[in-house]
Amino acid sequence: MSTQPDNLPLPNKGPRPEHELEDLKRVWATPKGFRIVTAVNNTVVGTLYIGIAFLFFVLAGILALVMRTQLAVGDNAFVGQDLYNQLFTVHGTTMMFLFAVPAVEALGVMLLPQMLAARDLPFPRLSAFAIWAYIIGGLVFFSTIFYDLAPKGGWFMYPPLTLTEYSPGDNADFWLLGIGFIEISAIAGAIEIVVGVLRTRPPGMTLARMPIFAWAMLIFAAMIIFAFPAVILATMLLEIERAFGWPFFTAELGGDAVLWQHLFWFFGHPEVYIIFLPAAGLVSMMIPTMAQTPLVGYRLIVVALIATGFFSFGLWVHHMFTTGIPALSLTFFSAASMAVAIPSGIQVFSWIATIAAGRERLRLTVPSLFILGFLFIFTLGGLTGVMVAIVPFDLQAHDSYFVVAHFHYVLVGGMVFPLFATFYYWAPLVSSRMLSERLGKWAFWLMFIGFNVAFFPMHITGLAGMPRRVWTYPSNMGWDVLNTISTVGAFTIAAGVLVFIIDLFRNFRFGNGPENPWNAGTLEFLPNDVYSTRSIPRVTSRDPLWDRPSLSREVEEGLHYLPGAPTGGRETIVTSAVEAEPQYVIQMPGPSWTHLAAAAFTAAFFLLLTIKQVTIALTCGVLAIAACLVWTWQLDKPSQGEVDIGGGIKLPTYMTGPLSHSWWAMVVLMLVAASLYVSYFFSYLYLWTVSPEVWAPAGSPAPPSLLYPLGSAAMFVGGSALILWAGRRLPEEGRSWSATPLLLVAAAILIVGAIGLEVLGHIGTGLDPKASSYGAMVYMAAFLTGQAAFATVILCLFAVARQVTGQLDRRRRVTFDNAALFFYYTSAQGLFGLVLIHGFPRLIG
Amino acid sequence: MRMRDTSSNRQMIGTLIFILIGPILWALQLTLIYGAQSSLCAFEVGIGANGGNVLAAGTVIGASVLCMALAVAAFVMPGASYRLITGASSPDDQWPFLTSVMRILAGLSLLAMLYAALGAVLLPACAQLR
């Protein structure tokens with residue numbers, strides 16, 4: 001199949017008017033000088049994102065070298081116990097939260113628009129906000145290691161060790177608030193990726209023709225949406241317990257430290273696949289190019305990605321096999337651990353089959369070497385994964401160096417090696433020069449040999465009984481030689497990374513590199529500039545550059561869709577999620593200081609709270625909201641009428657309702673909020689099963705009279721009714737007066753009143769959140785809905801301001817629709833909470 | 001422009017759900033069996049000798065059979081499942097891709113559900129076994 005069947009005319013005729021290209025260059029120009037920090041183009045912020053993620057990889061790697069030096073021989077005193085605890089905590093936290101997830105999200109931001117031939121992802125400022133928030137928050141978090149403020153509880157931060165009694169000071173708070181904040185940044189990126197992959201594909205790129213990396217990123221983002229809220233809730237609960245004494249994790253008051261483990265690992269295990277799946281997607285893109293043949297088993301790989309993503313949510317308890325859970329429960333998770341091996345295996349076999357089916361022998365380039373290294377190392381990690389999925393074996397290997405070896409084989413093999421392959425393979429998209437094959441091969445062999453020398457012996461060290469997380473060990477245990485070998489291996493890896501850095505300095509130069517240097521078949525190797533591709537092709541196959549050799553020239557000459565900038569601003573085509581048929585043209589925002597200010601003040605808010613500077617923190621919080629409001633004020637541009645994108649297709653330039661990208665983004669945000677609340681619901685029921693003796697009505701004050709929840713419910717429902725009514729009273733175009741603002745304000749008052757009444761009722765019964773886990777859980781429900789209500793009120797008042805200024809009417813109504821959607825969601829959550837908090841104690845009482 | 005073509009939107013989201021029928025049922029099964037079994041064991045409802053619990057084991061097997069039956073139904077009748085979820089007829093050009101992905105995922109999910117359910121047949125529901 002060809003991209004544009006020969007019997008069909010191209011969408012546009014050439015030669016194109018000269019001003020089209022000039023318009024594109026002007027509209028998409030990257031800001032110069034210091035204003036470059038305001039840039040939102042995916043190539044600029046994506047490169048910055050990946051660069052900072054790599055910086056964190058190097059920094060965390062240096063911490064690993066310090067640890068390996070300490071462990072090289074027994075009874076060593078190179079670093080003290082306290083510093084060692086900080087080192088392994090910051091190493092793990094940085095590698096997982098500041099390197100691995102951001103690196104793959106960065107690749108999504110950088111590569112997806114090119115692979116989808118979109119001008120950019122649909123919310124470029126949101127991406128830029130997420131990136132800056134991550135940079136500021138990440139650098140501050142990492143710097144704590146230099147002044148003895150780093151957390152010491154491991155990257156998993158298990159209570160009770162991390163409760164105030166055992167971890168006094170601010171160290172743990174830096175983890176809880178700093179990482180919690182960075183998780184929010186990851187979620188912002190995930191929303192962007194979900195909507196981008198589903199709605200900004202080129203015409204004709206159906207689900208069956210999507211690049212595997214796009215599939216992988218879609219699943220990656222969906223997993224973030226469902227996994228991260230669990231750990232966000234966990235960090236909220238632990239921080240609230242540390243700051244205010246609400247006993248979620250304190251056993252004598254009805255809490256349970258194992259609740260943290262459930263919430264953390266419900267995030268933590270999918271996290272492994274959140275890191276691995278995009279890397280697998282990258283491998284699935286590179287192998288066909290290196291073998292010069294289409295991917296064998298495309299459908300099976302799509303299945304494998306989806307199945308792995310799903311099954312990974314059923315594995316969290318396999319990190320908790322030793323916590324005393326009944327054996328049958330363990331089998332459910334052991335079974336899921338076995339099941340997930342099948343889709344992982346499918347991918348490996350598909351890659352091997354593609355290599356075997358190649359039109360020519362696999363080109364042994366640097367990307368190929370890193371991919372082969374990945375296959376070897378990841379497969380070994382997978383085999384030991386099956387071993388630790390077997391409960392009796394895990395009981396023996398748990399908390400030993402065997403586990404350290406296993407997860408490094410999985411994570412370094414499954415993510416770091418594909419990432420280095422990626423650096424070499426896709427460098428030409430952002431660098432005018434290719435990276436060196438000679439230096440790349442040195443880097444690979446040093447890293448590959450170093451990795452196996454460092455980590456293979458750890459299997460034996462672990463089986464010989466060496467526990468994890470120890471700062472030293474007695475010399476007479478027989479572990480010295482193995483540890484010394486591991487340390488030599490660690491420094492060999494570092495030498496490989498150093499060679500790569502030298503290669504970067506010698507050869508990486510910003511700019512567009514040679515066109516399609518690997519002879520790849522996918523769209524990211526079309527001629528690119530700041531505006532992405534000159535025109536957006538209609539796609540009719542999975543490897544369009546192979547199937548239509550003239551495509552690059554046609555696209556560059558502007559003969560496909562949207563060859564100019566017809567609205568005079570930044571724009572791209574929005575297509576349907578399944579068939580990828582053009583639906584409308586989205587008008588996108590350009591460079592701005594607003595998202596940068598929002599990121600800086602949001603980071604300041606969280607980090608200042610860590611050191612208990614509450615007043616300044618709150619001021620920064622207000623400034624962050626103000627910056628967000630200014631940012632969003634510039635969005636929702638009015639319709640520019642219909643524009644002709646070519647091929648006789650005229651598209652609207654404004655869309656609201658269920659087909660609009662903003663509606664999809666809001667729905668995804670609601671899924672995030674719902675996931676967080678489901679995690680809360682689980683926590684409530686879990687603590688009840690652990691400590692029913694503190695639950696009302698027997699162990700705590702009985703819930704207040706039913707009049708309170710009924711009153712709250714009436715206000716939730718009444719507010720929603722007012723919102724519904726307000727939508728029908730939006731003014732006609734060109735008018736700014738209607739009853740809508742009054743109705744919005746009234747609805748906002750009602751939703752605040754609903755939560756206020758709920759809290760008042762419990763205060764009236766004498767229920768104290770510090771007295772028991774039950775009290776803490778009851779007030780937490782109101783707190784969570786209160787958070788959502790706070791955002792709802794801001795959205796409502798923002799919509800009021802838009803209407804008063806004549807920027808909201810029956811046609812231009814995205815602002816209102818978003819506020820309404822979130823209002824309905826918050827009311828539904830509030831009602832569910834009322835049923836739980838007031839119904840459950842009565843049910844069990 | 002405000003498009004009111006919600007059927008199109010339903011088809012877009014419904015198609016994604018159609019693909020995911022198997023894994024969704026697997027997630028439902030895991031939630032039901034883990035939730036029911038751990039609650040019954042925690043409150044010592046129906047516990048018999050040696051940590052056995054007929055009620056818990058029965059719940060696990062019942063929930064598993066239900067979810068697996070639904071997955072089999074989707075596997076056997078993809079067209080009807082698609083219409084039920086999306087309210088639209090199947091798209092011709094993408095149908096082979098959509099059905100094959102749905103069916104393979106349903107097959108993998110059936111295997112995963114079977115793995116999980118087997119535990120209830122082989123082990124006492126509430127025992128620590130160590």
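We name chains A, B, ... by the order of the sequence lines, and we start the count at 1 in each one. The figures here come from the full heavy-atom set of this structure, side chains too, leaving out hydrogens, waters and symmetry mates.
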> How long is the span from the SG atom in B:C41 to the CD1 atom in A:I325, to the nearest 0.5 Å?
Replying inline: 11.5 Å
> At a heavy-atom separation under 4.5 Å, does B:I33 approach chain A through its side chain, its backbone, both, or neither?
Replying inline: both
> According to the interplanar angle, ranging from 0 to 90°, do the rings of A:F310 and B:W26 count as parallel (below 30°), tilted (30 to 60°) or perpendicular (above 60°)?
Replying inline: perpendicular
> What part of B:L122 lies closer than 4.5 angstrom to a heavy atom of chain A: side chain, backbone, both or neither?
Replying inline: neither
>> Run A:T331 and B:Y115 through side-chain contact (heavy atoms from CB on, under 4.5 Å) and show every step you take.
In response: CA-CA 9 Å; A:T331 66; B:Y115 275 2; over 6 Å; no
> What part of B:L114 gets closer than 4.5 Å to chain A, counting heavy atoms only: side chain, backbone, both or neither?
Replying inline: neither
>> If we define contacts as heavy-atom pairs under 4.5 Å, which of B:A116, B:S39, B:A56 has the most with chain A?
In response: B:A116
>> Which label fits A:H262 and B:Y34: parallel for a plane angle under 30°, tilted from 30 to 60°, or perpendicular past 60°?
In response: tilted
>> Around atom CZ of B:R103, are there more than 12 heavy atoms from other residues, nucleotides or ligands closer than 6.0 Å?
In response: yes
> What option among A:A577, A:P343, A:A335 has the most heavy-atom pairs under 4.5 Å with chain B?
Replying inline: A:A335
>> Tell me whether B:F43 at atom CZ has more than 12 heavy atoms from other residues, nucleotides or ligands lying less than 6.0 Å away.
In response: yes
>> Please classify the contact between A:P692 and chain B as side chain, backbone, both or neither, with a heavy-atom cut-off of under 4.5 Å.
In response: side chain
>> For chain B, which candidate among A:Y584, A:F313, A:F333, A:F682 shows the most heavy-atom pairs at distances under 4.5 Å?
In response: A:F333
>> What part of A:A336 gets within 4.5 angstrom of chain B, counting heavy atoms only: side chain, backbone, both, or neither?
In response: side chain
> What part of A:F311 lies closer than 4.5 angstrom to a heavy atom of chain B: side chain, backbone, both or neither?
Replying inline: both
> Which answer fits A:Y686, side chain, backbone, both or neither, if we ask what part of it has an atom under 4.5 Å from a heavy atom of chain B?
Replying inline: neither
> Is it the side chain or the backbone of A:L207 that comes within 4.5 Å of chain B heavy atoms, both, or neither?
Replying inline: both
> Between A:R209 and B:F97, does a side-chain contact (heavy atoms from CB on, under 4.5 Å) hold up when you go through it step by step?
Replying inline: CA-CA 10 Å; A:R209 294 177 193 135; B:F97 173 77; over 6 Å; no
> Who wins among A:R299, A:M338, A:R812 for the most heavy-atom pairs under 4.5 Å with chain B?
Replying inline: A:R299
>> Restricting to non-hydrogen atoms, name the atom on B:A42 and the atom on A:T689 that form the minimum distance, rounded to 0.1 Å.
In response: CB-CB, 4.2 Å
> Of the non-hydrogen atoms in B:A125 and A:P326, which two are nearest, and what is the gap between them?
Replying inline: O-CB, 4.2 Å
>> So, taking the atom named CD1 in A:I306 and the one named CG in B:L20, what distance separates them when rounded to the nearest 0.5 Å?
In response: 5.5 Å
> Considering only heavy atoms, which portion of A:V814 lies under 4.5 Å from any heavy atom of chain B: side chain, backbone, both, or neither?
Replying inline: neither
> Between B:L108, B:L118, B:L98, B:T15, which has the largest tally of heavy atom pairs under 4.5 Å with chain A?
Replying inline: B:L108
> Is chain A contacted by the side chain of B:L105, its backbone, both, or neither, given a heavy-atom distance below 4.5 Å?
Replying inline: both
>> Using a 3.5 Å distance criterion without hydrogens, assess whether the side chain of B:Q94 forms a donor-acceptor pair with backbone atoms of A:V578.
In response: yes
> Does any heavy atom of chain B fall under 4.5 Å from the side chain of A:W688, the backbone, both, or neither of them?
Replying inline: both
> Is any side-chain heavy atom of B:M12 less than 4.5 Å from a side-chain heavy atom of A:L198?
Replying inline: no
> B:Q37 and A:S329: which non-hydrogen atoms are nearest, and at how many Å?
Replying inline: OE1-OG, 2.6 Å
>> For the CG atom of B:L123 and the CG atom of A:L330, what is their distance to the nearest 0.5 Å?
In response: 9.5 Å
> Which answer fits B:S109, side chain, backbone, both or neither, if we ask what part of it has an atom under 4.5 Å from a heavy atom of chain A?
Replying inline: both
